[in-house]
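In each ligand, atom 1 is the first atom listed, and ligand 1 is the first ligand listed. Please read all numbers here as calculations on a predicted model, not as lab measurements. Values below: every heavy atom of this structure, side chains too, minus hydrogens, waters and symmetry copies.
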Amino acid sequence: MTSIQQAGSVQETYRLMKERLRDMVPEAELYAKAEIAFEINRIKKEKNAVILGHNYMEAALYHSIPDYVGDSLGLSRIAAESQADRIVFCGVRFMAETAKILNPNRMVLLPARVAGCSLASSITADDVRRLKAKYPGVPVVTYINTYADVKAETDICCTSANAVHIVNQLNSDVVICLPDEFLAKNVARETGKKVIMPSDAFSGNAGKDSMIVWDGKCEVHEQFTVADIESVRRQFPDTVVMAHPECPPEVVEASDYSGSTTAMVDFVSASKAKRFLLLTECSMSDNIQAENPDKEMLGLCSVRCPHMNEITLEDTLICLREDKYQIELDEEIRIKAKRSLDRMLEMS
Ligand code: 13P
Ligand code: SF4
């Protein structure tokens, strides 16, 4: 990715990290982080590993060790095609599982034992089976933020980058869209569909142009409010407000731009505006700020995803040294889950 990954010594790693991160990481920590990053980059070559880093990784990790950074869709594509012996996923479990589903012959490693996600834990395979029994033949679109057994019950997966595009391509009046209530409502608004909540769904209320949604929520994005946006706009009227589609619909509507994490990274780089508010996981503001020193990312964010936060440089070093934690999946479930991911990749 950057020359930090290719640095030939700890001193060079430290110098390049300092150049990139400026004062984002306390000086007392930066040298120690550079030492760990240098060692990770050395072992990575020795073990023929590739490191994928989600856009939410903390700044020191994000800028020093991943070979690729991106959103769920971009990293899934890279994982699917990787020839490396080991894929180390600096992200959460459902992302590492997705890599294993798509590329089962590689060893896929997650640097934390758990690293969950409130959306992924909001729904089970049984829940999906009950909805399918109630609505036979209705296509089930499932957000990638789910575990393999839920993906296995699904017709097609989607991510924040392609959900609208996928729902628009389905040749059906009614669609089951799981498990993020807010993402589904945001998609419904863009596709002109009517939202039916699970309680109504089980009483059989879905009709033409309906979208049956689940009541799962991202514990980070559900915290943002329209009042946050209004307060910033009062103080800094020239601010461009961006919201991830997992935010409540009224927040997305009040924003200037909404898109996947990578879409927002690209939006800031391409924009001529000078000041931005990012309504998403707060490490991403730091990561964008480091790459765009001429722009101001308002540092109002206090919402860190506790699951993404489990992934540290220290644990990534242990992960690479000891080959842990390896993602293992039941083969029958993996094959079924792969179909829904393959359909998504073909349709996006
Ligand atoms: P992206 O696919 O946009 O990176 O989102 C993943 C995620 O977990 C957002 O909370
Ligand atoms: Fe899950 Fe939300 Fe964390 Fe993304 S930010 S991993 S959706 S809990």
Residue, atom name and distance, where the atom is the protein heavy atom closest to atom 3 (Fe) of ligand 2: Cys305 SG, 2.4 Å
For Asn145, atoms of ligand 1 separated by under 4.0 Å from a heavy atom: 7 (C), 8 (O)
Where ligand 1 meets His244 - atom numbers and elements under 4.0 angstrom, heavy-atom basis: 1 (P), 3 (O), 5 (O), 9 (C)
Per-atom contacts, ligand 2 versus Leu119 - under 4.0 Å to a heavy atom: 7 (S)
Heteroatom test (N, O or S) for Cys117 near atom 1 (Fe) of ligand 2, limit 2.8 Å: yes
Nearest-contact summary for atom 2 (Fe) of ligand 2 - protein heavy atom, Å: Cys218 SG, 2.3 Å
Nearest non-hydrogen protein atom, atom 6 (C) of ligand 1: Ser72 OG, 3.4 Å
Pair Tyr143-Glu246, side-chain donor/acceptor within less than 3.5 Å: yes
Under 3.5 Å: N/O of Asn55 near N/O of ligand 1: no
Which of the ligand 1 atoms, numbered from 1, are nearer than 4.0 Å to a heavy atom of Glu246: 7 (C), 8 (O), 9 (C), 10 (O)
Chi angles and distances behind the side chain to side chain contact (heavy atoms under 4.5 Å, CB included) call for Met95, Val92: CA-CA 6 Å; Met95 296 176 176; Val92 289; 4.2 Å; yes
Residues Ser260 and Asp71: side-chain donor-acceptor under 3.5 angstrom: yes
Per-residue contact class, His54 against ligand 1 - non-hydrogen pairs under 4.0 Å: side chain
Per-atom contacts, ligand 1 versus Ser260 - under 4.0 Å to a heavy atom: 3 (O)
Residue Asn145 vicinity, atoms of ligand 2 by number, heavy atom under 4.0 Å: 7 (S)
Any Glu281 heavy atom less than 4.0 Å from ligand 2: no
Lys18 with Asp23: basic N within carboxylate O range, under 4.0 Å: yes
Ring centers of Tyr147, Phe94 separated by less than 6.0 Å: no
Any N/O pair Thr159/ligand 1 closer than 3.5 Å: no
Ser118: numbered ligand 2 atoms lying under 4.0 Å from its heavy atoms: 8 (S)
Aromatic Phe182 / basic Lys217 pairing, under 6.0 angstrom, 45° off normal: yes
Heavy-atom pair of closest approach, residues Val25 and Ala60: CG2-CB, 4.1 Å
Atoms of ligand 2, numbered as shown, that sit under 4.0 Å from any heavy atom of His307: 8 (S)
Check: Thr261 N/O within less than 3.5 Å of ligand 1 N/O: yes
Ligand 1 versus Thr262: contacting region, heavy-atom distance under 4.0 Å: neither
Side-chain donor-acceptor pair present, Arg233, Thr239, cut-off under 3.5 Å: no
Nearest heavy atoms of Leu320 and Lys44, plus distance in Å: CD1-N, 4.1 Å
Donor-acceptor side-chain pairing of Tyr14 and Ser9 below 3.5 angstrom: no
His221 touching ligand 1 at heavy-atom level, < 4.0 angstrom: yes
For Ser160, the ligand 1 atoms whose distance to one of its heavy atoms is below 4.0 Å: 1 (P), 2 (O), 3 (O)
Sub-4.0 Å atoms of ligand 1 with respect to non-hydrogen atoms of Asp71: 1 (P), 2 (O), 4 (O)
Option of least heavy-atom distance to atom 6 (S) of ligand 2 (set: Glu219, Arg93, His244, Met308): Met308
